[in-house]
Amino acid sequence: MLKIDNLHARVAGKEILKGLSLETRAGEVHAIMGPNGAGKSTLGNVLAGRPGYEVTAGTVTFDGKDLLEMEPEARAAAGVFLAFQYPVEIPGVNNTYFLRAALNAQRKARGDTELDSMQFLKLVRGKVKEMGMTPELLNRAVNEGFSGGEKKRNEVFQMALLEPRLAILDETDSGLDIDALKQVAEGVNGLRSPERSFLVITHYQRLLDYIVPDFVHVLADGKIVESGDAQLARDLEAHGYAWVRERTPTEAHA
Amino acid sequence: MNAALTPFVESMRVAAETRLPGSGLAWLDAARNAALQAFVQRGLPDTHNELWKYTTLRALSQRSFSVGNANAADLTVPQTLLPQIAADAARVVLVNGVFRTDLSILDKLPTGVELQPLSRVLRERPEPLRFLLGVHGDEDDGFTLLNRALAADGLILRVAAGAKVAAPLHIVHVGSPGESETAWHLRSLIELGEGSSLDIVEHHVGEAGIGHLANLVCEVNLRDRARLGWTVVQTAGSGTSLLRRSDCRLGEDAVLDFHALELGGKLARHELRVDLAGARSRFRSRGAFVLHDRQHADTEVLVTHRGRDTVSDSLWRGVADGRARGVAHGRILVLPGADGADGGFYNKNLLLSPDAEIDTRPALEIYADEVKANHGATVGQLDENVLFYLCSRGIPRELARRMLVRAFCAVTLDGVEPALLREYCESLLSAQLPETSA
């Protein structure tokens, strides 16, 4: 589904990704772990197409198409979703209006018919119930005045509504207490399906107790230095990131 | 001063030779003539005038306009230019400055409301208008003087004391294609009796590309405890120059609740002067301009706190794209004796293009004690992080921009009633920015 090959990327003139390669298939959950500054969030932003992230080498294909050539909105329509580390507040933009505009824009880009307001309301109310959100969410402005936990839950809610094929969770666990973390993980687990692939970016193993990955990759200094199964995350928790560096001496000179 | 030499001034001198309603009344002829002489001497306002600092009339001064529009009484107006803004709204329509009985709906005029075109009052019973049309003063600029010299029509609107009018009065100014570039000057009076209440919607519409000049001067007098809700929806044609000046005086406990949505015209300026003369009188204004291409809009909100415990609260938004230029000037003057006054002017602006410009100038002048006065002004750009957030959800960048502009201005529509009018304003806002601008 997603194939990243030898990806190099710069932010503000500084090279952050230095030859990252990764492949995910439908139905798989991949966790990307790594110390601060390793390039985890850069990866998520490059995949979603955030301006200011310059790809200097390498390729990224999504279902065989060149993802890097596509505008952010086209990536979304193709099925890529980034759950933001810091979801923005958008005063004055009503959630229902925003969600309908997003869903219909994606449907239009895919050649599907757009939903009218009645059809959309029925759909969105169903999702609110399913995800255990408060219905008043729909009347509020996007993320305005939300707590950190509410914002992260809202990201997962948007994901449930937009039904992406590749969901990238950028440190969705950061700033969450244990209850909020569980709620977010439950939401994500409910969305796991054979057609959908997840890239779970996190600093801590804690989230992976609740969203159990099929694969764990360790990102250090801009590339993946070790891959394994869920056990790797637990080993990392026990030994720390320094342990990986010791095991991969080619990276140690950096 | 060589103002007399410009084509604009010359064309206005020629215009003054035509016979106007009320011509032949000695006092009116004298006042018109004096105003014309003062105009010829003074010319159009220039940028040395504080209130015209950012609005240059150099291009306008080189143009000439024909006076009035001989066939304005017969021009057909497309229904799309006359939207319904409330279920029971009475409607007054002026086409190219000419009052049109056939397009107006006056049988719905509520009891207690008296509405007549100025032209008719001047023919039938001009004497009571002496105070309105008499000698000009120091506060008059070139356009006000021109208006005094050349106003051929306008609306004389009076509400009886105690009358509470529920349905809004819809006043539509239509700019319609004529044989040449036409100028018209309207002089209006709105007078609300003690304890009365009225809502008006002043609507400017027009077809694209017409280079008309409309010069509107309006006097508003709110007696004690009167309340006026006044919403301006300005979607004049893209070639129109629209110059408005409104002088409002509020008695004790009177309330002026003003909204403006300025979207159209090539040059649109409104000088809104509010004199909070009576104790505890209150002025609230909410307004926005959204400009593109080479549009120019200038809003001057000049508030004078004269009475004790008077309140003014103004909140304006400006958006400029393309090579547009916007001006927002808010001045709060608190006179000696206006103790307990509470004034605020807040203005935020968005520039959507590197070639757009917005000048915002809040100013406070305070000569009283125990006064609260605040102002704030910012000019910024759309937040790229927010744009990216919307795009990452599949929303095309162009739509995302429009959503954010609408959101930015939405606060100024708070309190616009009825719901039909509010929805109409929201749809205008959403449609304002052209799809093609990047």
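Note that these values count all heavy atoms, side chains included, but never hydrogens, waters or copies made by symmetry. Throughout, protein chains are lettered first and strands after them, A, B, ... in sequence-line order, and every chain is numbered starting at 1.
Between atom CD of residue A:E155 and atom OH of residue B:Y389 there is a gap of 3.5 Å, rounded to the nearest 0.5 Å. Distance check, rounded to the nearest 0.5 Å: CD of B:E384 to CZ of A:R50 gives 10.0 Å.
In this structure the side chain of B:L390 reaches within 4.5 angstrom of the side chain of A:I90, judged on heavy atoms. At a threshold of 4.5 Å between non-hydrogen side-chain atoms, the residues A:E73 and B:I395 do not count as touching. In this structure the side chain of A:F84 reaches within 4.5 angstrom of the side chain of B:S392, judged on heavy atoms.
The two residues B:R393 and A:L82 come nearest to each other via the heavy atoms NH1-O, 2.8 Å. Residues A:P51 and B:F388 share a closest heavy-atom pair of CD-CD1, 3.7 Å.
Contacts between A:E71 and chain B at a heavy-atom distance below 4.5 Å are absent for every atom of the residue. In this structure, no portion of A:R75 lies under 4.5 Å from any heavy atom of chain B. Within the 4.5 angstrom heavy-atom criterion, no atom of A:P164 approaches chain B.
Around atom NZ of B:K348, no more than 12 heavy atoms belonging to other residues, nucleotides or ligands sit under 6.0 Å away. Within a 6.0 Å radius of CD in A:E54, other residues, nucleotides and ligands contribute more than 12 heavy atoms. Counting heavy-atom neighbours within 6.0 Å of B:R282 CZ, excluding the residue itself, gives a total of 12 or less. Crowding of B:K266 atom NZ: a count of heavy atoms from other residues, nucleotides or ligands under 6.0 Å not exceeding 12.
Between chain A and the residues B:A400, B:P396, B:A410, the most heavy-atom pairs under 4.5 angstrom are made by B:P396.
Identified by a heavy-atom distance below 4.5 Å to chain B, the contributing residues of residues 94-110 of chain A are A:Y97, A:F98, A:A101, A:A102, A:A105, A:Q106, in residue-number order.
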